[in-house]
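This structure is a prediction, so every number in the text was calculated from the model and none was measured. Below, read A as the first sequence line, B as the second, and so on, with proteins coming before strands; counting in each chain starts at 1.
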Protein chains: 2
Amino acid sequence: MSAAKASMPERGDTGTLGKLMVLLDVVTHADGPMRFTDILAAADQPRGTLHRQLSHLVQEGLLEIDEDGRYLPGLRLLDLASRSWGRNEFRLVAEPHLKALQDLTGETVHLGVLRGTSIIYLDKFEGQQPVRMYSQIGNASPVYCTGVGKAALSILPRERAGALVGEIAFHRFTASTHTAESLLAEIEEIRKQGHAFDREEHEIGIRCVAAPIWSENLSLVGGISVTGPAYRLTMERLSEWADPVRGTAQRIMEAMRIGLGPRR
Amino acid sequence: MSAAKASMPERGDTGTLGKLMVLLDVVTHADGPMRFTDILAAADQPRGTLHRQLSHLVQEGLLEIDEDGRYLPGLRLLDLASRSWGRNEFRLVAEPHLKALQDLTGETVHLGVLRGTSIIYLDKFEGQQPVRMYSQIGNASPVYCTGVGKAALSILPRERAGALVGEIAFHRFTASTHTAESLLAEIEEIRKQGHAFDREEHEIGIRCVAAPIWSENLSLVGGISVTGPAYRLTMERLSEWADPVRGTAQRIMEAMRIGLGPRR
DNA sequence: AAATTGAGTTCCATATAATAGAACACGTAT
DNA sequence: ATACGTGTTCTATTATATGGAACTCAATTT
């Protein structure tokens, strides 16, 4: 049905846009509003050039300037993102299954998808809260210290997983955070088990159990997890939930084949 | 404290970025995935040029391509937006007050801010009722058919409000939707009352009462609203809530002067 | 009070990147 | 078999972004 296969450029030169996205990343990832000079130090650009680039970003609403002339992320981003999220098919298909898993375990359930070397959280179901917050949703977390991330890596072909691990800039968040070697070793284990644990590798006091989800051609790779405080989620408890988590992942994959339609 | 006043370019040429943002808007505002040809028709660009532009957007993760080669909004947007939202000071300051208003009324409470001719919803607190409402955090809604929008317009200087109304492309959502003339007339009324109603002007069956919120120099203009189904929210009921809504808006403005700090 | 520094803005010749248009590839319908 | 629709690639030309310097304005320092 499709005409020609879309060429997916892996990494390359995105010209002017690439430079602007670097600036956008700098400002959005900063701890607070940034002055012109702060951005100048972070970005390797001449002053005049940077000034015009920032002006363009502000005019388009991707950045904003506060009363002190400092730059912060613009609200235009919210509008764009809400449309990206609102119609995401993976999320829509998974939603009822996540809810069911939340009911069963009583703990927080996450849905994540692999993008580059990060896991982007698409959805979250916590306790009673029917209110969904962006707080976690949308956040990009490193693949090497999240249950969903390790689960996702485990279903990639070895060479592709290895290449991806090679790109990672590892950062030691806790005493248990993986290195490249220990990560690759654990991935082998996860392949056999079919599920992954996060043993306080990202944040002290937080554990989770996760299972991978993938489409046949691996165009979609992600997973789900049940997360909670270590005092409540002992490793024994987590192990008990590995089965339901894998089962839920399985059901989501079945729903995807129907919902997203079999490749015609 | 600040050195030179940042020049806020009102509207102008944003060069390459502007063209790319048009494309991003086209795809994010579409009902579903778009084929290359669909975008070609919407954007006034030669095929070769469009192809490269889309490639760049895809490489940066602002757009994605599905298995059929169709374009849809990219998840990179989620990560950027979650950071924009997570640290938004207005939202953080308002949060407890919104929650209190939700507790009092039992209906859905919204926080919105004026951007151009749209209201962007920054936050939402829903009751327990599973009433489906098509409002989502981040969504940009037209200023002329939302309670928050009309409330926001009412505190702008007349000439500025008039100019803004002049820019609006009016669309008749329901039988009650405003025209430019009726909108300007109602704004006068809202100025006197201090609160605005939405009498099913955006969506049949949905009403709300709203109050404006603004900073001294009008660098921030927005409002809050209590929204719900018309069968439950009679106009009498809405009128009763006008006072608490105005009171909450007042408390948020007081909190802003402390939280955001007095202009040094 | 004058001079100096720091922060941000504007200008312009040059280099670079985006553009338009045509040609190509490939699957689908006639 | 042929033509068509859809998407991709290539290249000379043109438009745009760049980098460096000069400029403005306010806040410190001497």
Under 4.0 Å between a side-chain nitrogen and a carboxylate oxygen: does that hold for B:R76 and B:D79?
no

Considering just the side-chain nitrogens and oxygens of A:H51, establish if one lies under 4.0 Å of OP1 or OP2 belonging to C:dT9.
yes

Starting at CG of B:L17 and ending at C1' of C:dA18, how long is that distance when rounded to a whole Å?
14 Å

Please report the closest heavy-atom contact between A:L111 and A:A94, naming both atoms and the distance.
CD2-CB, 3.9 Å

Under a plain distance cut-off of 3.5 Å, with no hydrogens placed, do A:E67 and B:S219 share a side-chain donor-acceptor pair?
yes

Rounded off to whole Å, could you give me the CD-to-P distance for the A:Q59 and C:dT9 pair?
13 Å

Nearest-Å distance for atom pair CG/P, residues B:L50 and D:dT6
14 Å

Atom of B:L40, atom of B:Q45 and distance for their closest heavy-atom approach:
CD1-O, 3.3 Å

Could you give the CG-to-C1' distance, from A:L54 to C:dT10, as a whole number of Å?
15 Å

On a heavy-atom basis, the closest approach of A:A151 and A:I190 is CA-CG2, 4.4 Å

Distances under 3.5 Å between protein N/O atoms and the N/O atoms of nucleotides 19-23 of chain C, please, pair by pair.
{"unit_1": "C:dT19", "atom_1": "OP1", "unit_2": "B:Q53", "atom_2": "NE2", "d": "3.4"}
{"unit_1": "C:dT19", "atom_1": "OP2", "unit_2": "B:R52", "atom_2": "NH1", "d": "3.3"}
{"unit_1": "C:dT19", "atom_1": "OP2", "unit_2": "B:R52", "atom_2": "NH2", "d": "2.3"}
{"unit_1": "C:dT19", "atom_1": "OP2", "unit_2": "B:Q53", "atom_2": "NE2", "d": "3.3"}
{"unit_1": "C:dA20", "atom_1": "N7", "unit_2": "B:T49", "atom_2": "OG1", "d": "3.2"}

Looking only at side-chain N and O atoms, does A:T14 offer a donor or acceptor that is under 3.5 Å from a partner on B:E60?
yes

Could you tell me how far apart B:D13 (CG) and C:dT10 (P) are, to the nearest whole angstrom?
15 Å

Would you mind checking if A:R158 and A:E188 are paired as a salt bridge, meaning a charged N to carboxylate O distance below 4.0 Å?
yes

Indicate yes or no: does B:E64 engage B:R70 in a salt bridge with an N to O separation below 4.0 Å.
no

Of residues 33-43 of chain A, the positions that come close to DNA chain C - non-hydrogen atoms, cut-off under 4.0 Å:
A:R35, A:F36, A:T37

